[in-house]
Amino acid sequence: MDRYLVFGHPVRHSKSPFIHTLFARQTQQELEYGLAEPAVDEFAQALRTFFDQGGKGCNVTVPFKEQAFTLVDRLSPRAKRAGAVNTIKLTDDGVLLGDNTDGAGLVADLKSHGVTLGDSRILLLGAGGAARGALAPLLAELPSELVIANRTHTKAQQLAAEFCDLGPVTAQTYEQLAGPFDLVINSTSASLQGELPPLAPALIHTDIAIYDMMYGASDTAFISWAKQHGARQTMDGLGMLVEQAAEAFTVWRGIRPGTKQVLRELKRNLGVI
């Protein structure tokens, strides 16, 4: 049976085995999917061993995405742009192909919620790996403007400069931000600590769409804050998790699974519904 894994540290909390098992059942694919949690300095060896022992593909999560970028034989265009790899496939000719499905998963989830990206004004909070992975797919949707805001302004400036060939992307400090924005995406991990990015409440209005890449069994801190200030459409990153997984499954198996039922099952598993 074809074997797949998710590498991370820590990774025992991962829902990837649950998601991919449902995808395999839905598409009648014979595979097994497990977890691997090597020590931070043992990832390269663990990755080689997995493929030497017949592994077909894997997902890569924190903190190994940037390291995976350097370990594969070939990179997809979106992995090159993201500077990180979250999906690896062993091709038929024995090549390890590195891909990044995070941004595609984000865009797919936004569209599934009816969010219009074309000709919209988007605010992206954060300038780390999650923001980097999202930029090219978001700019491909032709927004009127995409503004990056980050606590360390120079990082936002560097990111905007790197992606400015793809569309109208700029960097602003939190103090410089002026609305209205159609969509705000929080790519920071602040919600994991129950914290908030320093966003002015005046930027929130009833017609804005709010997206937090983090998720939990209840509203994240950022989503709760946005609701308190009048946002009516709020979304967490659970749908992105499922959509990026579907994209990875497609890379591996050449067949795209449906995501709606799997997302419902995942929410039930997490106690969200």
Trainee: Which residues satisfy the salt bridge (Lys or Arg N to Asp or Glu O under 4.0 Å) test with Glu37, sequence neighbours excluded?
Mentor: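 Counting only residues at least two positions away or on another chain, Glu37 forms a salt bridge (Lys or Arg N to Asp or Glu O under 4.0 Å) with Arg12.
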
Trainee: Under the side chain to side chain donor-acceptor pair (under 3.5 Å) rule, collect the residues that match up with Asp165, sequence neighbours excluded.
Mentor: Arg81

Trainee: With side chain to side chain donor-acceptor pair (under 3.5 Å) as the test, would you mind laying out the steps for Asp212 and Ser191 before giving the verdict?
Mentor: CA-CA 8 Å; Asp212 194 341; Ser191 286; 2.6 Å; yes

Trainee: Which donor-acceptor pairs under 3.5 Å do side chains of residues 225-242 form with protein atoms, sequence neighbours excluded?
Mentor:
unit_1	atom_1	unit_2	atom_2	d
Lys227	NZ	Asp219	OD2	2.8
His229	ND1	Trp225	O	2.9
Arg232	NE	Thr206	O	3.4
Arg232	NH2	Asp207	OD1	3.0
Gln233	NE2	His113	O	3.0
Asp236	OD1	Leu238	N	3.1

Trainee: Compile the donor-acceptor pairs under 3.5 Å between side chains in residues 121-134 and protein atoms, sequence neighbours left out, one pair per line.
Mentor:
unit_1	atom_1	unit_2	atom_2	d
Arg121	NE	Glu145	OE1	2.7
Arg121	NH1	Ala178	O	2.7
Arg121	NH1	Pro180	O	3.2
Arg121	NH2	Ala178	O	3.3
Arg132	NH1	Glu162	OE1	3.1
Arg132	NH1	Glu162	OE2	2.6
Arg132	NH2	Glu162	OE1	3.3

Trainee: Does anything in residues 87-96 pair up under salt bridge (charged side-chain N to carboxylate O under 4.0 Å, His left out), and if so which pairs, sequence neighbours excluded?
Mentor: none

Trainee: Taking atom types as modelled, is there a side-chain donor on Ser144 or Asp119 under 3.5 Å from an acceptor on the other?
Mentor: no

Trainee: Residues in side chain to side chain donor-acceptor pair (under 3.5 Å) with Lys15, at least two apart?
Mentor: Asn269

Trainee: I'd like to know if the side chain of Asp109 pairs up with that of Tyr211 as donor and acceptor (distance under 3.5 Å, no hydrogens or angles considered).
Mentor: yes

Trainee: Of the non-hydrogen atoms in Ala161 and Cys164, which two are nearest, and what is the gap between them?
Mentor: O-SG, 3.2 Å

Trainee: Counting distance only, does the side-chain N/O of His9 pair as donor-acceptor with the main-chain N or O of Thr61 below 3.5 Å?
Mentor: no

Trainee: Filter on salt bridge (charged side-chain N to carboxylate O under 4.0 Å, His left out), then keep only pairs touching residues 186-201, sequence neighbours left out; what's left?
Mentor: none

Trainee: Can you tell me how far CG of Leu90 sits from CZ of Arg3, rounded to the nearest 0.5 angstrom?
Mentor: 12.0 Å

Trainee: Can you sort out the partners of Phe23 under ring pair (Phe, Tyr, Trp, His ring centres under 6.0 Å), two or more places apart, ordered by chain and number?
Mentor: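 For Phe23, the residues satisfying ring pair (Phe, Tyr, Trp, His ring centres under 6.0 Å) (neighbours in sequence not counted) are His20, Phe249.
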
Trainee: What residues, two or more places apart in sequence or in another chain, satisfy side chain to side chain donor-acceptor pair (under 3.5 Å) together with Tyr215?
Mentor: none

Trainee: Only distances under 3.5 Å count here; give the side-chain donor-acceptor pairs of residues 38-54 to other protein atoms, sequence neighbours excluded, each with its distance to 0.1 Å.
Mentor:
unit_1	atom_1	unit_2	atom_2	d
Gln45	OE1	Arg48	NH2	3.3
Gln45	NE2	Thr49	OG1	3.1
Thr49	OG1	Gln45	O	2.9

Trainee: Val147 and Ile204: same hydrophobic cluster, using ILVMFWY side-chain contacts below 4.5 Å?
Mentor: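 Linked within one cluster.
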
Trainee: The criterion is side chain to side chain donor-acceptor pair (under 3.5 Å); which residues satisfy it with Gln29, sequence neighbours excluded?
Mentor: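 Arg253.
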
Trainee: Please find the pair of heavy atoms, one from Thr250 and one from Pro257, that lie closest to each other, and give the distance.
Mentor: OG1-CD, 3.9 Å

Trainee: Hey, does the side chain of Gln176 reach the backbone of Thr173 with a donor-acceptor pair shorter than 3.5 angstrom?
Mentor: yes

Trainee: Output side-chain donor-acceptor pairs under 3.5 Å for residues 98-105, partner residues at least two apart or in another chain, one line each.
Mentor:
unit_1	atom_1	unit_2	atom_2	d
Asp99	OD1	Ser76	OG	2.6
Asp99	OD1	Arg78	NE	2.7
Asp99	OD2	Arg78	NE	3.4
Asp99	OD2	Arg78	NH2	3.0
Asn100	OD1	Asp102	N	3.0
Asn100	ND2	Ala84	O	3.0
Thr101	OG1	Asn86	ND2	3.1
Thr101	OG1	Gln244	O	3.0
Thr101	OG1	Gln244	OE1	3.1
Asp102	OD1	Asn86	ND2	3.0
Asp102	OD2	Lys65	NZ	2.8

Trainee: Would you kindly confirm whether Leu139 and Leu106 end up in one hydrophobic cluster when ILVMFWY residues are joined by side chain heavy atoms under 4.5 Å apart?
Mentor: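 Hydrophobic grouping puts Leu139 with Leu106.
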
